[in-house]
Amino acid sequence: MESNKAQQNNPHPSRAVPIEQVRNIGIMAHIDAGKTTITERILYYTGVNYKVGEVHEGNATMDWMVQEQERGITITSAATTCFWQEHQINIIDTPGHVDFTAEVERSLRVLDGAVAVFCGVAGVQPQSETVWRQAKKYQVPVIAFINKMDRTGANFTAAVQSIRDKLRATAIPLQLPIGCEGDFSGVVDVISNRAYYYQGELGTEVVEKDVPEAMQNDVHSARAHIIECLAEIDEEIMEMFLGDVRPTAEHLRQAVRRCVITATIVPVFCGTAFKNKGVQNLLDAVNDYLPCPSDVKAIEGFRLNSEERITRMVGDDEPFAALAFKLMIDPFVGKLVFFRVYSGVLRKGMRVFNPRTGKNERIGRILQMHANTREERDSVYSGDIAAAVGIKTITTGDTLSDIAHPIVLESMSFPDPVISIAIEPKTAAERDKLYEAVNQLAEEDPTFQMRTDPETGQSIISGMGELHLEIIRDRLLREFKVAANTGAPEVAYREAITKIATADSKFIRQTGGRGQYGHVIIAMEPRDTGHGITIDNKVTGGNIPKEYIRPVETGLREAATTGVLAGYPVVDLHIDILDGSYHAVDSSEIAFKIAASMAFKEAAKKAGLVLLEPIMKLEITTPEEHMGDVIGDVSSRRGYIVEVDAQPDFVRIHAQVPLSELFGYTTALRSLTRGRASNSMEPSHFEPLPEQLEKNVLKK
């Protein structure tokens, strides 16, 4: 009754959980490290699920797509909410496969903290490094969980050391494993100096005991290490350390929390999710050490139609501001827009402003998502992650804000697709249906694109890898009932210049009435890989009026995207707009845009264009007896070996290989090693294509 009265007196109903007790976390890792298994255990222990879903049985709650259940991998990031020790934990389970890296990227953009999961046997793996870089990019505080401690070959110390060496992170173990491999039975909490064992079929009963006698020295050393590390970073612990005062467990926890929030340390925990050990303590760690929405600095954005930066404080009393980070087409409710509320309150039926479109949108329904099931909400508060129905024109990265207090939040950037295939409907009658389905999928996934080849008239779809496009094809057939034929994969090359060049271009059209006149002089020079395209205006004396400079820049950038050699984007160069001229009557924006495009193409032809091909970072894990065959095969694919890391039971080979040589590689590797080797790959960089191969590509 009291809560009902509070809702009547309050303009927006009070939130169920104080903001200090809300955690927005992501679970991220290399493929097959156990992210989804951990999430399933969390849902079971927090009472959301009444039985445990298993990835290998295809019934994991968070892997709800048919394609995920068949392959035993996570493809789309699934959101859910659970409660633990009076805390509300909003969880996003992210994919580990590199082809779905955009799902990790957009999830980390809206999260306050993350749990990085590492395999107790393999430690840091290639995709672990990728998701780590993404977390760093968005300054997301991280705690680490060493999973699979029951597996043969599990080594907690080596896994922690790999985090320090490969990720250059200050990893501090706050737990130690009791036993290892088949003898792993529980964990010791170093700060509280207590041992925890897990009983019952699903480890639901956590039994607290004294630390085993044999581990006393290890625990004492680990605690001393925690204090030393914190004393270097945290002032309060440093003063205690210098004053020879022994910090209490609570002092240490608060100091660890402060250091995690500033992303200066990474606390390490351990367990085995599949064998139901260590997950409850991980939940405690999420509550104790990861930030709540109000711990994170105020969100920064821009004033509408301006470059002026403004900040919006976290809090329910602030004007509403949210970021749409994911779109999903739901067969039952239509377009679902996932969003993170940074400030203010959103109520059902409320109108919000989208700065990109300049339109007001009405929020029809608000849904709390639990994987692919949903629960209706009347309102959501700052710090919440939810989904909305009823927004018509929106794309990933759009801001939703209070109509009276507009703000433009920084959008998201996604990697460019690296692989393309031709696609066509099996029957002419299905052409429109195919295009509609592909457009819907492209709306959901920013790394999936479709274009029409102007020369061949073919429809080309592009994605992040073979698996990515295979899933797209599968979804077209199952969800949209469209059968499509696909052609051989096509590599997304790039073009680059090799030397400095200039161009002087005039665009003049004389018709009966007013003509067109634009004149641009530019210089371009190559830059290092990853530089992108930068443009400087060096025009003096008003030879090109200010209002025509932006059209010139637009013309240059548009010309770069369509390429000169073979229609691939030109990358990594700097352009100076040196000079030009204008006509008082005939000059226009379109004339200068065309003149700039002509100048770009003329200068690029003089600047020694070359084709660049995508190079993949390839990691192969194989038994030692197959090492020679695998290395020989890599060399035959124009690859080169970067490092060979010999382990007791296997060899890990790090190589760099052109993407064009890797189509169907997983199948070839399996047949070469009788199914005993595994591999993972991710985009690394672009390199010039050998001359003979470039000729072949240009012929096509």
Tell me if a side-chain donor or acceptor on [X] pairs with a main-chain N or O of [Y] at a distance below 3.5 Å.
X	Y	result
Arg41	Phe274	yes
Asp112	Leu290	no
Arg23	Ile25	no
Ser382	Val341	no
Ser343	Pro319	yes
Gln175	Cys270	yes
Thr396	Phe325	no
Glu361	Thr393	yes

Shortest non-hydrogen contact from [X] toward [Y]:
X	Y	value
Pro267	Val142	CD-O, 3.7 Å
Ala388	Ile391	CB-CD1, 4.2 Å
Ala273	Thr37	CB-CG2, 3.9 Å
Asn24	Gly383	ND2-O, 2.6 Å
Pro293	Val314	O-CG2, 3.7 Å
Ile19	Cys292	O-CB, 3.4 Å

Could you list the donor-acceptor pairs under 3.5 angstrom formed between side-chain atoms of residues 350-357 and any protein atom two or more places apart in sequence or on another chain?
from	atom 1	to	atom 2	distance (Å)
Asn354	OD1	Arg356	N	3.0
Asn354	ND2	Asp398	OD2	3.1
Arg356	NE	Asp398	OD1	2.8
Arg356	NE	Asp398	OD2	2.9
Arg356	NH2	Asp398	OD2	3.1
Thr357	OG1	Asn354	O	3.3
Thr357	OG1	Lys359	N	3.3

[X] with [Y]: basic N within carboxylate O range, under 4.0 Å:
X	Y	result
Asp384	Arg340	no
Glu235	Arg258	no
Asp378	Lys348	yes
Arg312	Glu318	no

With a 4.5 Å cut-off on side-chain heavy atoms, are [Y] and [X] touching?
X	Y	result
Thr264	Thr170	no
Val266	Ile172	no
Cys82	Ile91	yes
Phe302	Ile407	no
Asn276	Tyr45	yes
Gln88	Gln21	no
Val256	Gln254	no
Phe269	Val187	no

Under 3.5 Å, sequence neighbours excluded: what are the donor-acceptor pairs made by side chains of residues 281-288?
from	atom 1	to	atom 2	distance (Å)
Asn281	OD1	Tyr198	OH	2.4
Asp284	OD1	Trp84	NE1	2.8
Asn287	ND2	Trp84	O	3.1

Atom [atom1] of residue position [X] - does it have more than 12 heavy atoms of other residues, nucleotides or ligands inside 6.0 Å?
X	atom1	value
Glu436	CD	no
Gln199	CD	yes
Gln85	CD	yes
Glu86	CD	no

Please round to the nearest 0.5 Å and tell me the distance separating atom [atom1] of [X] and atom [atom2] of [Y].
X	Y	atom1	atom2	answer
Glu20	His87	CD	NE2	9.5 Å
Ile461	Leu441	CD1	CG	9.0 Å
Glu376	Ile366	CD	CD1	9.5 Å
Met450	Leu434	CE	CG	5.5 Å
Tyr289	Ile143	OH	CD1	9.0 Å
Asn90	Leu111	CG	CG	9.0 Å

Parallel, tilted or perpendicular for Phe339 and Phe320, by the 30°/60° rule? perpendicular
Apply the test side chain to side chain contact (heavy atoms under 4.5 Å, CB included) to residues Ile146 and Ile163: give CA-CA distance (whole Å), side-chain angles for both, the deciding distance (0.1 Å), then the verdict. CA-CA 10 Å; Ile146 310 291; Ile163 296 173; 4.0 Å; yes
Between Leu323 and Tyr342, does a side chain to side chain contact (heavy atoms under 4.5 Å, CB included) hold up when you go through it step by step? CA-CA 8 Å; Leu323 185 78; Tyr342 284 101; 3.8 Å; yes
Please lay out, stage by stage, how Ile38 and Phe145 fare under the test side chain to side chain contact (heavy atoms under 4.5 Å, CB included). CA-CA 10 Å; Ile38 287 172; Phe145 184 76; 3.5 Å; yes
Checking Thr81 against Ile89 for the side chain to side chain contact (heavy atoms under 4.5 Å, CB included) test, could you report, in this order, the C-alpha distance in whole Å, the side-chain angles of both residues, the deciding distance, and whether it holds? CA-CA 6 Å; Thr81 298; Ile89 305 176; over 6 Å; no
One pair to check against side-chain hydrogen bond (donor to acceptor under 3.5 Å, both in side chains): Ser401 and Thr399. What are the steps and the verdict? CA-CA 6 Å; Ser401 74; Thr399 302; over 6 Å; no
